[in-house]
Amino acid sequence: MSLSHLNAQQQEAVRSVEGPLMVVAGPGSGKTRVMTYRIAHLIGIGVPAYRILALTFTNKAANEMKSRIVQLVGEPSRQIRMGTFHSVFARILRTEAEKIGYQRNFSIYDETDVLGVIKDILSSFGISAQQFNPYAIRSRISNAKNQLLSVDEYAQKSLDLFEQKTAIVFREYQQRLKRNNAMDFDDLLLKPIELFRGNTKVLEKYQEYFRFILVDEFQDTNRAQYALIHELACRYKNICVVGDDAQSIYAFRGADIRNILDFQRDYPETKIIRLEQNYRCTGTILSAADHLIKHNPDQIAKDLWTQNPGGDLITVLDCRDDRDEGETIVTRIFEQLQRLKLDLKDVAIMYRTNSQSRSLEDALRKNSVPYTIVGGVEFYQRKEVKDVLAYLRILVNRQDNDALLRVLNYPARGLGDVAVSRLEAFAGEHSLSLADALVRSKEIAGLSKKAREGFHVFSALLEKYSALLPKITASELSRSLVDEIGILRNFKEEGTTEALSRWENVQELLSAISEFTADHEGSGLAEFLEDAALVAAVDDLDENRNAVTLMTLHSAKGLEYPVVFITGLEEGLLPLYTSMIETKELEEERRLCYVGITRAMKKLFFSYARIRYRFGEMTYQSSSRFLEEIPDELVEKSGRQRYTGLPERSVHTPAWRRRSSPDEDSHYHSDVVPDYDHGDEEGERMNVGMHVEHSVFGRGKILAISGQGESLKAVIDFDSVGRKNLLLKYAHLKTL
DNA sequence: ATTAGGCGATTTTTT
DNA sequence: ATCGCCTAAT
């Protein structure tokens, strides 16, 4: 295999196969290419593919890398173990589950599931969720687990009341998961460590197995991940980590930059190779990124350079408000597509928070620009999807009490709190899982007839499908189950737009199951559930679709686009307000901005809005300090020539004035009076006497409008249900 | 005892 | 958008 098209450092990184290696790879320095060739090279010199373990940040990255390697060195290289930490070790845990007291069909709890468990524990312990925020407790527990702290260690260290309560919840939480035969995301890293440390034979097996280990995006690994790879790598020390401290953006999730320092301590013979030549960006873009990141102290010194031409200046778009920002960007997209002869798929719009996507989407939709959005409200988080998944989970893992509780009374079977408590008490007394307790529900004393009936129906359903599970395909089973519980019929009958969308989501889930089992031979429901739990937003990104891509700066990591818009460069947004207090967090925000900048190949835009609607409130924003940190000579300012400052009119402007003709809308620049009371895309154009459509109540007529900003309300006379007083912020009315 | 419906609070980023 | 908490209806 010829490496002649790689530069000297890249070649060295590919060829240094023995011993510990750290590749410090600046953005656009051909990191992925190096990893790909390195693995291909290993196979080329006779290392069997199954002896290679490569850990990536997303499954998508793994799949792409794998296909390229297969192209380079052929089909047998499919045997490489490659994927995210979570998916690779989930697989290993299934094989070894019994050794740590689990069953191989364990459930994986996502963050939402975990939150549910925590809330449930709080209420059963009589701890006030008002006083002790379940989100905060979840994050404390997760942090503790990331730091490899056991419950006992955490309890000992807990000082204040909050930590003491957390320790109590933590203890119960761990027991609960164990009892449910379930693991959370952190367990997928911790349990393998536990397995390896407690079981020398198993450890040796995997150390022999994975003789060559590669870790991508090393700067974003947490302590548990570090410890885990150390267990595997410490014997042969053929470990290569690739990363860039300047692109570390997951400290909030436990990523720990200490890993980079510890690596050199734990593997003293580490060879360090720097990839400093950038092949992606123009000189201007690279220089801007470099100037920005220099404001962070303690970065590993790097001299990034490029042979690429200087290219265009970076354009800063000064926008009146978030809506103007969207419109301006659309205009600029058209301009750049023409100028650079590009497709829509070459353009990405990035933002700090998911909620910013809405005003951007509005503008794109209004101008008929196709777009795809990465993440957002995720499919697998939709209520109806989670409900069906819970049914499947309880079938796969009978001990999964939380999955059972989720759907025990869905659809309604007359089973309320009291009935559930009786069931739980009975299960507790007899040390049974809830599913097993249900089988004996006749023995539970003091149940109403309705509850008795409900338990019986649900239990019969469960037993029927449990028996079917090994006999029919995953696809047949889920379809039949969904039919039997009748939710599709219910959604159809309800007939509202919302119910219809739920109907579609359930159908889509069923298709996803068919598709998955068709694509993955020998896999069934259990495998599907694992896959569904561990998919990342970007995993679903289809680059071939010709559409503008919208995503968070976090999701953008590892990607590149000819034209990039980074939006919302405002104090309090980028950097995000909550992050401006602690320097550490401010530095992370800066790195996040750095990641965004370095995604751009040819042309970069920054935008900010002087007025932005956040949480329904109008706020005056000032431009981000990060813009100040980029030298003026790299930047051209554009957008509004004159800043007129305050809104020219109050939010009480009569609604009729706010109706702008389509013509005005598409040239939404300096002259047109903007809409200051936003609320909803549609919200600002509401007017007394207008006919509207609501997703649940159907058609109606507006009788009155009151309030402003966040609390803008309308009294609407609906054809179906009569008068309602609705908050426009949530009503999502369509004008007719 | 259970359900339906209203109201307010919650959304930073995510494997 | 969804969840928890409350009240009223059944």
Spacing of A/Glu589 atom CD relative to B/dT12 atom C1', expressed in whole Å: 8 Å
A/Glu530 CD - B/dT15 C1' separation (whole Å): 13 Å
Audit row: A/Lys145, A/Asp187, side chain to side chain contact (heavy atoms under 4.5 Å, CB included) steps and yes/no: CA-CA 8 Å; A/Lys145 293 174 91 165; A/Asp187 287 334; 2.9 Å; yes
Sugar-phosphate, base or nothing in reach of A/Ser355, heavy atoms under 4.0 Å: nothing
Whichever of A/Leu592 and A/Ala412 has its nearest DNA chain B nucleotide further upstream toward 5': A/Ala412
Of A/Arg413 and A/Thr353, the one whose closest DNA chain B nucleotide lies more 5': A/Arg413
C1' spacing across the pair C/dC3 / B/dT13, given as an integer number of angstrom: 22 Å
Sugar-phosphate only, base, or nothing, as touched by A/Phe85 at under 4.0 Å among non-hydrogen atoms: nothing
C1' gap between C/dG4 and B/dT12, integer Å: 23 Å
Rounded distance in Å - NE2 (A/His554) to P (B/dT12): 13 Å
A/His554 ring center within less than 6.0 Å of A/Phe252 ring center: yes
Length of the line joining A/Asn222:CG and B/dT15:P, which is rounded to integer Å: 14 Å
Separation of C/dG4 P from A/Ile118 CD1 (nearest whole Å): 13 Å
From B/dA1, C/dG4, B/dT13, nucleotide with atom closest to A/Asn354 side chain: B/dT13
Listed nucleotide nearest any side-chain atom of A/Arg382, set C/dC3, B/dT15, C/dT2: C/dT2
Sugar-phosphate, base or nothing in reach of A/Glu111, heavy atoms under 4.0 Å: base
Nearest-angstrom distance from the residue atom NZ of A/Lys386 to P of C/dT2: 12 Å
Sugar-phosphate, base or nothing in reach of A/Asn409, heavy atoms under 4.0 Å: sugar-phosphate
Centroid-centroid under 6.0 Å between A/Tyr250 and A/Phe57 rings: yes
Proximal nucleotide (of B/dT10, B/dT12, B/dT15) relative to the A/Tyr135 side chain: B/dT10
Touch class at under 4.0 angstrom, heavy-atom based, for A/Leu415 against every strand present: sugar-phosphate
Residue-phosphate contact under 4.0 Å: A/Thr552 side-chain N/O, B/dT14 OP1/OP2: yes
Side-chain N,O (A/Thr58) to OP1/OP2 (B/dT15) below 4.0 Å: no
Spacing between A/Asp113 atom CG and B/dT15 atom C1', to the nearest angstrom: 14 Å
Sugar-phosphate only, base, or nothing, as touched by A/Ala533 at under 4.0 Å among non-hydrogen atoms: nothing
Pairs flagged by side-chain hydrogen bond (donor to acceptor under 3.5 Å, both in side chains) wherever residues 447-458 of chain A is involved - sequence neighbours left out: none
Aromatic stack A/Phe252/B/dT13: centroid gap under 5.5 Å, interplanar angle under 30°: yes
Distance, rounded to the nearest Å, where A/Lys60 contributes NZ and B/dT14 contributes C1': 16 Å
Out of B/dT14, C/dC3, B/dT10, whichever nucleotide has its closest atom nearest the side chain of A/Lys383: C/dC3
Whether A/Phe185 and A/His86 hold their rings parallel, tilted or perpendicular, with breakpoints at 30° and 60°: perpendicular
Sugar-phosphate only, base, or nothing, as touched by A/Arg502 at under 4.0 Å among non-hydrogen atoms: sugar-phosphate
Touch class at under 4.0 angstrom, heavy-atom based, for A/Ser448 against every strand present: nothing
Ring-face cation contact, A/Phe106 with A/Arg94, 6.0 Å cut, 45° max: yes
Note: A/Asp322-A/Arg358 ion pair, threshold 4.0 Å (strictly below): no
